[in-house]
Amino acid sequence: MSPLRQIILNTESKRAFSGRHPWILVTSIIEPASKPQVGEQVDLVNSENKWIGRGLYNPNSRIRVRLYTWDSEEHITKDLINTRLDRAIQLRSRLANGSHQQALRIVFSEADQLSGLVVDKYAEHLVIQVTAAALMPFLDTIVDRLFHHYRPLSISMQVDERTGKSEGMDAEHRFLVGSAPSEPVTIEENGLYWNVDIVGGQKTGTYLDQRENRLAAARWTQPGARVLDVCCYVGGFALNIAKHCETKEIIAVDSSDKALQSAKQHATLNQLENRITWEQADFFESLSSKLDAGKKFDTIVLDPPRLAGSREHLQRALSAYHRLNFLAVRMLNPGGTLVTCSCSGRVSRDDFRDMLRGVGTRTRREIQVLEERGAAPDHPSCMSCPETDYLKCIVARIL
Ligand code: SAH
């Protein structure tokens, strides 16, 4: 192989990259005089010309280089991608029991050393989500390997709007193997049936990462409880609680009409339609009006969308989490269960705990932590990339 172009770290960033974080931001490098193409393989060196890692360059992304290897002997080839895919698939085969067989995340980006690639499996259908334009030249390789392992009915590829903007790509969803299923794909999870819309749903179809947390919420809900599920999407927590627990009342809130329509269908599909009241509302408005009306609950689930998209938004997001949890804690009966989640990678576990400690102080309620949870085990996290530990889920008893 001919020598690769070298990208030089600026001196201030030198220390930050001893830790093998795969994202090299535009602010961390000295831009080369002539810019490499999207997907060009480059070597990252520090200002003393010490080799650090090898990655793929994207002149259109704030993440200028994504590193895939820290071994100078290794090149980013089809073989490397295949090896990484095999390793990711091998991990999931260890999880192949119960619900994991039906729907699971096969590849989780940086956590599987494949920055910019997510692959989810819904029964016989695979959905690839590409979040790095620089990986696109490997798409055929990826599809071939996935097909080799799973022989699925379809493999589709999606680029969402946000990735499109940040990576300089067009948002799209196309089928690379097979075609769009004419019906939603039915999967079983935690003893419930779900119809997953792999083309028009949020994320690649649904939120697989909360699978075990939904069961935990049901486990910690007391018989006879009044339950509030805030940001219910297609009913994940509400239906799990209804299925596994004798409740007095369940109210589930989301701002999306489409999500709620689907939630109602899931309630019917699982013969739980009489157990849940669905409400279309903004989470702050819904919580404030219930608090003003003197409503009380025994379990409240808070699963808002990602509130901190970037480091700059962190403080604003933490204030929003505080407000949300502050409202919820005040509505919980003594001994009630709070299941509070944050899927913002920028919010660390410590930040989230501190936020909750602040809520305890302000409400003068003791928050007794029962479980500190994360994403389901098919979403591992890597020490070198703390953002992969993005999902926080604290289950607490409010005294
Ligand atoms: N709890 C769900 C996943 C929630 S994802 C599960 O277990 O699958 C976050 C949800 O928040 C989405 O369904 C989105 O429609 C909803 N949402 C976004 N902004 C909102 C707002 N301002 N008020 C209420 N819901 C909102």
Side-chain angles (χ1 to χ4, degrees), residues 99 103-105 120 122 160-162 184 187-198 200-219 221 227-244 250-267 269-270 272 276-290 299-309 313 316-317 319-321 323-325 327-328 338-345 347 373-376 378-379 390-395:
S99 62
L104 83 163
R105 176 151 295 190
D120 287 340
Y122 296 105
D160 66 18
E161 295 279 344
R162 195 168 51 204
I187 58 159
E188 194 193 335
E189 182 188 286
N190 302 341
L192 291 157
Y193 294 101
W194 300 91
N195 287 329
V196 182
D197 178 0
I198 62 172
Q202 295 184 13
K203 295 255 209 148
T204 58
T206 188
Y207 293 85
L208 297 170
D209 50 0
Q210 292 281 29
R211 183 193 306 117
E212 274 82 352
N213 297 337
R214 296 184 188 117
L215 268 188
R219 195 166 59 239
T221 296
V227 178
L228 178 64
D229 177 7
V230 179
C231 295
C232 63
Y233 186 45
V234 296
F237 281 93
L239 283 162
N240 269 273
I241 293 172
K243 171 88 184 172
H244 300 288
I250 304 178
I251 302 174
V253 181
D254 202 281
S255 58
S256 159
D257 179 50
K258 194 174 165 204
L260 289 172
Q261 293 308 328
S262 168
K264 284 177 199 165
Q265 285 167 13
H266 285 126
L269 181 67
N270 290 287
L272 295 166
I276 304 167
T277 307
W278 306 98
E279 186 183 302
Q280 188 179 6
D282 169 77
F283 49 71
F284 281 129
E285 282 170 18
S286 169
L287 285 166
S288 300
S289 66
K290 287 183 176 54
T299 291
I300 299 182
V301 178
L302 301 175
D303 187 18
R306 201 161 69 130
L307 298 177
H313 294 152
R316 211 169 60 198
S319 311
Y321 283 119
R323 226 176 113 205
L324 201 55
N325 283 272
L327 288 165
L338 176 70
V339 180
T340 181
C341 311
S342 159
C343 58
S344 306
V347 174
R373 307 181 55 91
D378 47 338
H379 299 58
Y390 67 104
L391 183 63
K392 281 76 58 191
C393 172
I394 295 183
V395 184

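These numbers come from the heavy atoms of this one structure, side chains and all, not from hydrogens, waters or symmetry mates. Everything numeric in this text was worked out from a predicted model, so none of it was measured. Note that ligands are numbered from 1 as they come in the structure, with each ligand's atoms numbered from 1 the same way. The residues of the chain are indexed from 1 along the displayed sequence.
Checked by distance only, ligand 1 and Q210 stay at 3.5 Å or farther apart across all their nitrogen or oxygen atoms. Every N/O-N/O distance between G236 and ligand 1 stays at or above 3.5 Å.
In this structure, the side-chain hydrogen bond (donor to acceptor under 3.5 Å, both in side chains) partners of R219, at least two apart in sequence or on a different chain, are E371. Residues forming a side chain to side chain contact (heavy atoms under 4.5 Å, CB included) with A242 (at least two apart in sequence, or on another chain): I250, L272, R275, I276.
Listed by number with element, the atoms of ligand 1 under 4.0 Å from a non-hydrogen atom of S256 are 15 (O). The D303 neighbourhood of ligand 1 comprises atoms 1 (N), 2 (C), 3 (C), 4 (C), 6 (C), 7 (O), 9 (C), with distances under 4.0 Å to a heavy atom of that residue. Taking every heavy atom of A281 and a limit of under 4.0 angstrom, the matching atoms of ligand 1 come to 23 (N), 24 (C). Within ligand 1, the atoms closer than 4.0 Å to a non-hydrogen atom of P305 are 9 (C), 11 (O), 18 (C), 19 (N), numbered from 1 in the order shown.
In C343, neither the side chain nor the backbone holds a heavy atom less than 4.0 Å from any atom of ligand 1. Only the backbone of C232 comes within 4.0 Å of ligand 1, judged by heavy-atom distances. Contacts between Y207 and ligand 1, counted as non-hydrogen atom pairs separated by less than 4.0 Å, involve the side chain only. With a 4.0 Å heavy-atom cut-off, ligand 1 is reached by the backbone of C231 and by its side chain too.
For F284, the CZ atom sits in a packed shell: over 12 heavy atoms of surrounding residues, nucleotides or ligands are nearer than 6.0 Å.
With no hydrogens or angles considered, no side-chain donor-acceptor pair links Q265 and N195 at under 3.5 Å. Residues S286 and K290 have side chains that bring a donor and an acceptor to within less than 3.5 angstrom of each other.
One finds the CG atom of L208 at 4.0 Å from the OH atom of Y122 (value rounded to the nearest 0.5 Å).
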